[in-house]
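The basis for the numbers below is simple: all heavy atoms, side chains too, and nothing from hydrogens, waters or symmetry mates.
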Number of protein chains: 2
Amino acid sequence: MGLFSKSLVAASSKPLILGILQEGTSYGYRIIQRVKEISNGQIEWSDGMLYPVLHRLEKEVLIESKWMQSEEGRHRKYYSITEAGKEALHVEKAHWTNMNNVMQNLWDLNPSTSNN
Amino acid sequence: MGLFSKSLVAASSKPLILGILQEGTSYGYRIIQRVKEISNGQIEWSDGMLYPVLHRLEKEVLIESKWMQSEEGRHRKYYSITEAGKEALHVEKAHWTNMNNVMQNLWDLNPSTSNN
DNA sequence: ACTTTTACATAGATTATCAATGTATATAAT
DNA sequence: ATTATATACATTGATAATCTATGTAAAAGT
């Protein structure tokens, strides 16, 4: 479906969601739009993919939810990041950055020269 | 066990292995050592984790193997990257770099200030 | 002789997305 | 009014992928 491989989506979903909720409280549908925004349209999550992840993160107490009525009268489940979630985001950032450094090191050692 | 999450390991194993084989022909045991080297000891793969991945990549014809006798007389299965594998590595690099840019963008928007 | 390291393989458990489907409300268009 | 579209959340079933544990075996070091 998307541009990215399943495993890359899996590895990025947790830090992305936590990062977005660090910006402030949000809800499922809005998170999907925000992911599309910050990726310049590259990442298009489906709702069937997102909600199970949100439920998992809530079970891990990294985020918490509250049903609320918006001004327009819409019934929405608003998520916010917990203290544990902030710490987890910190750790996720570090892991991601470390792994990225390893990759870049390896690739710099043998830069691909051909254009295929 | 390892420092990194399962999903991050999953997302990185393919480009790491392809990148290492781009350096030249190698074999299972040696690849595990190489991964530890280039990660400064951060990534320690188990053999039970690596071999299924090698088999999968071979099935996808991104790498190919040949049983060979080393000078010491050791019986080893040597893997090398295929043309399709080189192309796949190219794509993997691009995807990884794109995803990394998305992450860095998001994180730069809300830098974590606290020290926990 | 014995232990450690090297070397490959697989079965079973666990974990995770993803596509498909269902429900429901609000808004815009006809 | 009626229809269509966008908004909004949820779950089931299929699929895929690692990880632990276990097995086999040869070479090298002690």
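In terms of phosphate contacts, B:Lys14 brings no side-chain nitrogen or oxygen within less than 4.0 Å of OP1 or OP2 of D:dA17. At the phosphate of C:dT17, neither OP1 nor OP2 sits under 4.0 Å from any side-chain N or O atom of A:Ser7.
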Close N/O contacts between protein and nucleotides 3-6 of chain C (under 3.5 Å):
unit_1: C:dT6; atom_1: OP2; unit_2: B:Tyr29; atom_2: OH; d: 2.3
unit_1: C:dT6; atom_1: O5'; unit_2: B:Tyr29; atom_2: OH; d: 3.1
unit_1: C:dT6; atom_1: O2; unit_2: B:Arg74; atom_2: NH2; d: 3.2

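Scanning for ring pair (Phe, Tyr, Trp, His ring centres under 6.0 Å) contacts around B:Tyr29 gives an empty result, with sequence neighbours left out. With sequence neighbours excluded, no residue forms a side-chain hydrogen bond (donor to acceptor under 3.5 Å, both in side chains) with B:Arg30. By the salt bridge (charged side-chain N to carboxylate O under 4.0 Å, His left out) test, B:Glu60 is found to be paired with B:Lys14, B:Arg56, residues two or more places apart in sequence or in another chain being considered.
Relative ring orientation between A:Trp67 and A:His75 is described as parallel, the plane-to-plane angle staying below 30° on a 0-90° scale split at 30° and 60°. In this structure, A:Trp96 and B:Trp96 have parallel ring planes: the angle between them is below the 30° cut-off, well short of the 60° mark.
In this model, no donor atom of one side chain and acceptor atom of the other lie less than 3.5 Å apart for A:Thr82 and A:Glu64.
Across residues 47-63 of chain B, B:Asp47, B:Gly48, B:Tyr51, B:Pro52, B:His55 each have a non-hydrogen atom less than 4.0 Å from an atom of DNA chain C (numbered order).
Residues A:Ile81 and A:Ile20 fall within the same hydrophobic cluster, defined by Ile, Leu, Val, Met, Phe, Trp and Tyr side chains chained together at heavy-atom separations under 4.5 Å. Both B:Ile17 and B:Ile32 sit in one connected hydrophobic cluster of ILVMFWY residues. Membership requires side-chain heavy atoms under 4.5 Å apart, directly or through other members.
To the nearest angstrom, P of C:dT27 lies 16 Å from NE2 of A:His75. Look at CH2 on A:Trp67: it is 13 Å from P on C:dA24, rounded to the nearest Å. Taking atom CD1 of residue A:Ile32 and atom P of nucleotide C:dC18, one finds them 12 Å apart after rounding to whole Å. Distance CH2 (A:Trp45) to P (D:dT7): 18 Å, rounded to an integer number of Å. Straight-line distance from the NZ atom of B:Lys66 to the P atom of C:dA7: 19 Å, rounded to whole Å. With rounding to whole Å, A:Arg30 atom CZ is found 10 Å from D:dA8 atom P. Between A:Met68 atom CE and D:dA8 atom P the separation is 13 Å, expressed in whole Å. Residue B:Lys77 contributes atom NZ, which lies 15 Å from atom C1' of D:dT24 at whole-angstrom precision.
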* B:Lys86/B:Gln22 under side chain to side chain contact (heavy atoms under 4.5 Å, CB included): CA gap, chis, key distance, verdict -> CA-CA 7 Å; B:Lys86 289 179 189 174; B:Gln22 178 108 314; 3.4 Å; yes
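Contact check for A:Ile43 versus A:Lys36: no side-chain heavy atoms found under the 4.5 Å cut-off. With contacts defined as side-chain heavy-atom distances shorter than 4.5 Å, the pair B:Tyr27/B:Lys77 does not qualify.
From one end of the helix from C:dA1-D:dT30 to C:dT30-D:dA1 to the other, with five pairs defining each end axis, the axis direction shifts by 20° (rounded to 10°).
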